[in-house]
Amino acid sequence: MVDTAPRTAKQTPAPTRAAAPTPQTAAKPAGTEASSPRIDVASLGRQLLGTWPEVRLAARERAAQPELQRIDGLSMAEHRERVLGQLKILVDQGAIQRAYPKSLGGLDDHGGNIAAFEELVIADPSLQIKSGVQWGLFGAAVLHLGTAPHHEKWLPAIMSLEVPGAFAMTEIGHGSDVAAIATTATYDEETQEFVIHTPFRAAWKEFLGNAGLHGKHATVFAQLVTKGVNHGVHCFYVPIRDDEGEFLPGVGGEDDGLKGGLNGIDNGRLHFTNVRIPRENLLNRYGDVAPDGTYSSPIESPGRRFFTMLGTLVQGRVSLDGASTVASAMGLTIAITYGNQRRQFTASSDTDEEVLLDYQRHQRRLLPRLATTYAQVFAHDEFLVKFDAVFSGKADTDDDRQDLETIAAALKPLSTWHALDTLQEAREACGGAGFIAENRLVGLRQDLDVYVTFEGDNNVLLQLVAKRLLTDFSKQFKDADAGAMARYVVAQTAERAYHGTGLRRLAQTIADFGSTARSVSELRDEKSQRELLTDRVETMIAEIAGRLRDARKLPKADAAAAFNRNQNELIEAARAHGELLQWEAFTRGLAKVSDPGTKQVLTWVRDLFGLGLIEKHAAWYLMNGRLSPQRAQSVTAYIDRLIERLRPHAQDLVDAFGFAPEHLRATIATGIEQERQDEARAYFDEQRRAGTLPVPEKAKSKKKK
């Protein structure tokens, strides 16, 4: 008999990949004949590692170390101390200096640094985020907002963890509205000091990692006031605790205590009562104050200066996009592996139960989310390459930085929302087993919950994207009148939808084509998908721009009201823009695949993603005349066919993510479920052969009749 007692993750056997379904386990889907395409898992896996494959592999090897992994069941205090100890391990292993200057022992490798950092989510999201606070926010603020004297004076101790630090930007009363923070740094010419002060409770700095317990210094964002003039938000290096862990005079704070996740991080709040720091503690790369109080900056515009300073800290959003994608891939690997082994109900056999993943609904729950995760993998790598180009100086113009900020604001919301949705669906798809802590899904879901609101609330970020899209649109139509813009919107319907490239007949009915198969042929076309997805973004922005064209001429309150009336549509347009970015990146990634079988399967995955977006937004396409009702129905029908084709490749697609058992640490993804099912089937087969299997009551009553 096979031992089926519960096991811990450390006791589980090596994983056994479930085979593609056979006629004995499921009805063979269309397109699964012997000549059907096969994925080159190893080659695809290498491609999914992206531009920094060796860095990611080294980071995953590190994440596989038990001493860096989360232990469920620890108290909050124990978890915090464990994570602090893990930061010291990272230092000892030389894992944290990649982004820092070579003069300080770093590698000046900004893209590789983020690639390695986001893989830490595999070990413990608390470790990922706390290390991000220390070296990606606190340390990065000194690196990117300070100058050479600051680097030489403070970075070595930050890098070695001699000085744990907090990144004190967010305030209780202003959240994502950083420009409106109320903490002040007022320059005193007589003493040549800045006076840091939080004037009221809503100005307290809040949700700060390392502030609750471990932080000794903080990079504090405050309104710089000198000679009676407020020069806007700047960053200051402020000591907050002594070596015994006690707050310094004028500094106070509170521990945030137990949270909904990430309890290995000591989040807290800080406040300052006339705390004096030397003039030199202003991180002065973009703004400086002379001894006599004179302010100067290389960036004349206060607005551009503010966004430039915040833009240097965009790496937080970059890493959240990547870490969320990794977490989604982990959740899907667990759920699909389990669904490929767990059996339930005898739907097509009198004796054998069905594998869960053979049920259409189970496929519909997981495979479209898998397609989105693949799109995110390709989009994130391009995003990371762009980030590296900006921060290495290879492409560091104002336009490059603005583009990077816009991409970050577009992709981080989509990936973090997708992670929560995917982890929840994966949890439910694994039934009660998914709710057991040792199978990781509930813990990952709890820890990633806050990703959607830190480093910028997702809806606020998408609003920034929408404003950029409106700005770009207005440049195209700078001198156009309202009539010209209206004609452009009409043209979107009359020209692009009916006569655009690849879309000439999209709004015609199925009857014109004679069959459903032919009616979807154009929708399978890459150009058609691109046109449909692009058209939605352009049309939405054009319509909103038309409605807001005269808003800037209105009194401020009326202009704000006009913008507010369109806010929801603006955010939806920005979301559509982010989805288009993901589809485009997936398509470019697909073009690099050389193996024919892999290319065919990935084309189906890309089409599932693209057509899934069209299905999700079918109401818009119908209302705007881009699709007929019949064609919209054919989109759904073809998606079902794609999912059926992808079913035999589901395991290969998640195996290509490259997670080993020590990464997943989920008992149900180790092959133990296959052992249980094989044991059960063998037991009943033996009883049937021996004639000792009891006769079902139904069968007995039929014989009597």
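Count residues from 1 along the sequence. This structure is a prediction, so every number in the text was calculated from the model and none was measured. Hydrogens, waters and symmetry mates are skipped; everything else that's a heavy atom, side chains included, is used.
Arg676 has no carboxylate O lying under 4.0 Å from a charged side-chain N of Glu679, or vice versa, which leaves the two without a salt bridge. Taking the charged nitrogens against the carboxylate oxygens, Lys616 and Glu579 do have a contact shorter than 4.0 Å, which makes a salt bridge. A salt bridge is defined here as a Lys NZ or Arg NE, NH1 or NH2 lying under 4.0 Å from an Asp or Glu carboxylate O, and Glu644 with Arg641 fails to meet this definition. No salt bridge links Asp388 with Lys386; every basic N to acidic carboxylate O contact stays at or beyond 4.0 Å. Contact check on Glu78 versus Arg82 returns no salt bridge, with no Lys/Arg side-chain nitrogen under 4.0 Å from an Asp/Glu carboxylate oxygen. A salt bridge is absent between Asp321 and Arg317: the closest approach of a Lys/Arg side-chain nitrogen to an acidic carboxylate oxygen does not fall below 4.0 angstrom. Using a cut-off of 4.0 Å between Lys/Arg side-chain N and Asp/Glu carboxylate O, Glu119 and Arg62 are scored as not salt-bridged.
With sequence neighbours excluded, the residues that form a side-chain contact (heavy atoms from CB on, under 4.5 Å) with Val593 are Gln47, Thr598, Lys599, Leu602. Thr372 is linked by a side-chain contact (heavy atoms from CB on, under 4.5 Å) to Gln376, His418, Phe609, counting only residues two or more places apart in sequence or in another chain. With sequence neighbours excluded, no residue forms a ring pair (Phe, Tyr, Trp, His ring centres under 6.0 Å) with Phe117. Applying the ring pair (Phe, Tyr, Trp, His ring centres under 6.0 Å) rule to Phe586 yields the partners Phe378; only residues at least two apart in sequence or on another chain are considered. Judged as a ring pair (Phe, Tyr, Trp, His ring centres under 6.0 Å), and not counting sequence neighbours, the contacts of Tyr374 are Phe657.
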> For Gln69 and Gln65, what are the C-alpha separation, side-chain angles and deciding distance, and is it a side-chain hydrogen bond (donor to acceptor under 3.5 Å, both in side chains)?
Replying inline: CA-CA 7 Å; Gln69 294 171 352; Gln65 299 173 16; over 6 Å; no
>> Using salt bridge (Lys or Arg N to Asp or Glu O under 4.0 Å), reason through Arg56 and Glu118 one step at a time and then give a plain yes or no.
In response: CA-CA 9 Å; Arg56 287 194 183 276; Glu118 58 201 22; 2.5 Å; yes
>> Between Arg445 and Asp449, does the salt bridge (Lys or Arg N to Asp or Glu O under 4.0 Å) criterion hold? Intermediate values first, please.
In response: CA-CA 6 Å; Arg445 173 64 172 74; Asp449 198 334; 3.4 Å; yes
> Are Asp447 and Arg70 close enough, and set up right, to give a side chain to side chain contact (heavy atoms under 4.5 Å, CB included), and what steps lead you there?
Replying inline: CA-CA 11 Å; Asp447 284 339; Arg70 169 177 167 160; 2.6 Å; yes
> Between Arg369 and Glu428, does a salt bridge (Lys or Arg N to Asp or Glu O under 4.0 Å) hold up when you go through it step by step?
Replying inline: CA-CA 14 Å; Arg369 289 174 171 86; Glu428 294 181 31; over 6 Å; no
> salt bridge (Lys or Arg N to Asp or Glu O under 4.0 Å) between Glu382 and Arg588: does it pass, once the steps are laid out?
Replying inline: CA-CA 10 Å; Glu382 291 191 355; Arg588 285 188 289 270; 2.7 Å; yes
> Would Thr587 and Arg606 satisfy side-chain hydrogen bond (donor to acceptor under 3.5 Å, both in side chains), going step by step from the backbone distance to the final call?
Replying inline: CA-CA 7 Å; Thr587 301; Arg606 194 279 313 275; 3.1 Å; yes
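Formation of a donor-acceptor pair under 3.5 Å by the Arg665 side chain with backbone atoms of His663 is found in this model. For the pair Glu354 (side chain) and Gln344 (backbone), a donor-acceptor distance under 3.5 Å is absent. At least one donor-acceptor pair closer than 3.5 Å links the side chain of Asn439 to the backbone N or O of Thr667. Although no hydrogens or angles enter the test, the distance criterion places no donor-acceptor pair under 3.5 Å between the side chain of His577 and the main chain of Ala410. For the pair Thr422 (side chain) and Ala419 (backbone), a donor-acceptor distance under 3.5 Å is absent. Put simply, the side chain of His649 never gets that close to the backbone of Leu646: no donor and acceptor are under 3.5 Å apart. Side-chain N or O atoms of Thr534 include none that pairs as donor or acceptor with a backbone N or O of Glu531 at under 3.5 Å. Between the side chain of Arg440 and the backbone N or O of Leu664, at least one donor-acceptor pair lies under 3.5 Å.
In this structure, Glu61 places its CD atom where only 12 or fewer heavy-atom neighbours from other residues, nucleotides or ligands lie under 6.0 Å away.
From Leu627, atom CG reaches atom OG of Ser634 across 7.5 Å, with rounding to the nearest 0.5 Å.
Side-chain contact of Arg647 with Asn340: a donor-acceptor pair under 3.5 Å is present, judged by distance alone. In the model, Asp595 has no side-chain atom that pairs as donor or acceptor with a side-chain atom of Ser43 under 3.5 Å. Side-chain atoms of Thr453 and Asn458 include no donor-acceptor pair closer than 3.5 Å.
By the 4.5 Å heavy-atom criterion applied to side chains, Glu526 and Gln529 are not counted as neighbours. No side-chain heavy atom of Leu320 sits under 4.5 Å from any side-chain heavy atom of Ser415. Using a 4.5 Å heavy-atom cutoff, the side chains of Gln363 and Tyr359 are not in contact. Using a 4.5 Å heavy-atom cutoff, the side chains of Val83 and Ile265 are not in contact. A 4.5 Å side-chain heavy-atom check between Lys412 and Leu461 finds at least one atom pair inside the cut-off.
Within the structure, salt bridge (charged side-chain N to carboxylate O under 4.0 Å, His left out) contacts touching residues 122-131 (residues at least two apart or in different chains) are Lys130-Asp266.
For the pair Gln341 and Ile668, the tightest heavy-atom approach, listed with the atom from each and the gap, is OE1-O, 4.3 Å.
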